[in-house]
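Structure first, commentary second.
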Amino acid sequence: MSMPIKMRSDAIKYGIEKAPHRSLLKALGITDEDLKKPFVAVVNSYTSIVPGHIHLNVIADAVKSGIQTAGGVPFEFNTIAICDGLAMGHEGMKYSLPSREVIADSIELMIQAHRFDGMVMITNCDKITPGMLMAAARLDIPSIFVTGGPMLAGFYKGKKVGLISVFEAIGNVKAKKIDENELKELEDIACPSCGSCSGLFTANTMNCITEAMGMSLPYCATSLATDSSKIRIAKKSGERIVKMIYDDLIPSKIMTEDAFKNAIAVDMALGGSTNTVLHLTAIAKEAGIDLDLSIFDEMSRKVPHICDVYPGGYYMLEDLDRAGGIPAVMKSISKFLYLDAITVTGKSVGENIKDAKVLNDKVIRPIDKPIHEEGGIAILRGNLAPKGAVIKTAAISKENLHFKGQAIVFDSEEDCTNAILNGKIEEGMAIVIRYEGPKGGPGMREMLSPTSAIVGMGLSNSVALITDGRFSGGTRGPCIGHVSPEAFEGGPIAILENNDIIEIDIPKRLLEVKLTEEEINNRLKRWRPPEPKIKSGYLLRYSKMVKSADMGCVLSK
């Protein structure tokens, strides 16, 4: 047997000593002719518990068809996938962010053990996409992504709705704005199809960023889960990976510092989820790139927020797709991009977006008529967050760019949510949820339940929420997360007391408690860390190894 070029899979194919390996491969139906072809891993995150992933087997079949058409041999394996919506508001959410590391590690194990020549990543939701991107950067073999696409929006009482509408409706019921029958009607209609939730939440933001970084084919991110275009993109991606293997087009040639800056620029233009700060930082570390929080703020100051997409805006992902998708967004902000950056197409960003057009300028605004002059995410610092905190400015009103209020402090998400729904939160309060960080949670839970309750109770424009945990991409209002250092590590958030005055100034990027440095230091001297909440299993190991949110919650080497 002979191969035209040397490949990784040669290690299990050639030489008399590899006869046992060939025998095992032939048990799978592999022929002698197949042994001459590239072996391609189809990394599928299909599961029947996650709406965003329940259709991925159909996409995987299209990918495998494309690989075979192009002369490769596909082998499929699965990763785990956690649905953040189903994990929300209870202990299960502690396991969501930590699953990102398991996904990356499991892919490394499978790829390295079986010596694949390349891989197609089939993904869709919150931690799965970044986990797979981390694996791609770490392994640095030819890789292409096929994201599963957004679900259709629901339609209720004359307007489009999504999952967040249901979360927020719980507060509406408590506030007696709607009754339980109306909640049931909304529950039945809000999530009408497979796919990632229909707004610009973490899943869809990460999928858009994957395309912006050049790791998926153009138009992949916004192509709907139910659209035949997704199957065509999947098939083309299968064909493309074989060519990438022969061309040795590896992630390190694509996921450069310029590519990460392009991704951040698109994130700012979209007004995406704050979780992207965690994930891009972690992915960059795997790629050997130091992505400091200051880069996010630098891009935020330059790139305007131009996409009017739910939850901060009016339109859904299906509307962004029809308006021209990510290529149209990139064409609109092209003066802020590195257009020479190479992508999985083998072409540059500039070549990919050359013919892109904005087809609806209400969804994708011109840069001289933006929704906000600055990008959709800001990094705040101050004596309450010396290492930084993150806020989604795209989802707050101009009236909330400045806030000053008395603190009301909770040591868990559940305590806070109960207080909100029982009417114990008043206008002007600065709500603080602590000990929910990566170590203290552990797992850095998303806080969609309290933020949705705030909206549902009609308080979103009159209170602020500050946490060392994090927020869903579906969050609206002045909600500040990722406060670093976290409370469990003795960050200043740990010594806050009820009635302390907290000030937020987004234009100045400031988050402060009105205490003297002497008072803060005195309180810190008296502070003692609480008992760990989890004392066994994976989360215990995770809590001992995970680094701070400002470092992307990566694990210690």
Side-chain angles (χ1 to χ4, degrees), residues 121 123-124 126 129-130 132-134 136-137 143-147 149-150 196 200-223 233 237 251 253-284 287 289 291 295-296 298-300 302-307 309 317 320-321 323-358 363-364 367 375-377 394 473:
M121 306 288 207
T123 175
N124 212 23
D126 298 47
T129 301
M132 287 189 176
L133 283 165
M134 290 168 69
S143 306
I144 192 169
F145 280 66
V146 182
T147 51
S196 48
L200 197 58
F201 315 134
T202 305
N204 286 322
T205 306
M206 282 306 307
N207 295 346
C208 291
I209 280 176
T210 300
E211 182 179 327
M213 198 185 302
M215 289 300 291
S216 63
L217 292 181
Y219 302 99
C220 183
T222 59
S223 172
I233 288 170
S237 298
K253 296 177 182 178
I254 299 169
M255 297 167 72
T256 62
E257 186 172 343
D258 288 351
F260 280 98
K261 288 181 178 178
N262 284 346
I264 296 170
V266 170
D267 194 10
M268 296 304 166
L270 290 170
S273 166
T274 52
N275 285 315
T276 58
V277 177
L278 285 179
H279 297 321
L280 279 174
T281 303
I283 297 160
I289 296 167
L291 208 61
I295 297 175
F296 290 88
E298 176 190 325
M299 298 300 290
S300 179
K302 291 194 300 187
V303 183
H305 170 217
I306 62 171
C307 295
V309 182
L317 255 290
L320 180 59
D321 186 54
I326 297 308
V329 175
M330 297 181 80
K331 185 77 171 284
S332 299
I333 62 166
S334 58
K335 73 176 187 178
F336 302 111
L337 301 179
Y338 294 87
L339 298 176
D340 292 334
I342 295 300
T343 72
V344 291
T345 65
K347 299 176 183 177
S348 68
V349 167
E351 291 174 299
N352 285 348
I353 67 173
K354 180 167 60 76
D355 298 322
K357 293 178 181 177
V358 174
V363 181
I364 305 172
I367 60 170
I377 292 174

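If you're wondering where the values come from, they're calculated on a predicted model, not measured in any experiment.
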Closest contact, heavy atoms only, [X] versus [Y]:
X: E211; Y: P327; value: OE2-CD, 3.1 Å
X: S237; Y: L217; value: OG-CD1, 3.4 Å
X: S273; Y: F201; value: CB-C, 4.0 Å
X: C208; Y: L270; value: CB-CD1, 3.7 Å
X: A263; Y: A212; value: CA-CB, 4.1 Å
X: I233; Y: P218; value: CD1-O, 4.4 Å

Practice problem: I would like to know whether I209 and V266 meet side-chain contact (heavy atoms from CB on, under 4.5 Å); could you show each step before the answer? | Solution: CA-CA 7 Å; I209 280 176; V266 170; 5.6 Å; no

Is a side-chain N or O of [X] found less than 3.5 angstrom from the main chain of [Y], in a donor-acceptor match?
X: S300; Y: F296; value: no
X: S196; Y: G149; value: yes
X: N262; Y: Y338; value: yes

Any side-chain heavy atom of [X] sitting closer than 4.5 Å to one from [Y]?
X: T345; Y: E351; result: no
X: L133; Y: F145; result: yes
X: L339; Y: I353; result: yes
X: H279; Y: T202; result: yes
X: L320; Y: V329; result: yes
X: T276; Y: M206; result: yes
X: T205; Y: N275; result: no
X: I289; Y: M255; result: no

So how far is it from [X] [atom1] to [Y] [atom2], rounded to the nearest 0.5 Å?
X: I367; Y: F336; atom1: CD1; atom2: CZ; value: 5.0 Å
X: M330; Y: I364; atom1: CE; atom2: CD1; value: 12.0 Å
X: C307; Y: L317; atom1: SG; atom2: CG; value: 10.0 Å
X: I264; Y: M299; atom1: CD1; atom2: CE; value: 6.5 Å
X: K354; Y: S348; atom1: NZ; atom2: OG; value: 10.0 Å

Quiz item: Among pairs that include at least one residue of residues 259-269, which meet salt bridge (charged side-chain N to carboxylate O under 4.0 Å, His left out), considering only residues two or more places apart or in two chains?
Solution: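 Passing the test, one end in residues 259-269: E257-K261.
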
Self-check item: For K253, all residues meeting salt bridge (charged side-chain N to carboxylate O under 4.0 Å, His left out), sequence neighbours excluded
Solution: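 K253 satisfies salt bridge (charged side-chain N to carboxylate O under 4.0 Å, His left out) with D248 only.
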
Quiz item: Under 3.5 Å, is there a donor-acceptor pair linking the side chains of N207 and T129?
Solution: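 Per modelled atom types, N207 and T129 side chains form a pair under 3.5 Å.
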
Exercise. Could you walk me through whether M215 and I254 pass the side-chain contact (heavy atoms from CB on, under 4.5 Å) test, one step at a time?
Key: CA-CA 7 Å; M215 289 300 291; I254 299 169; 3.7 Å; yes

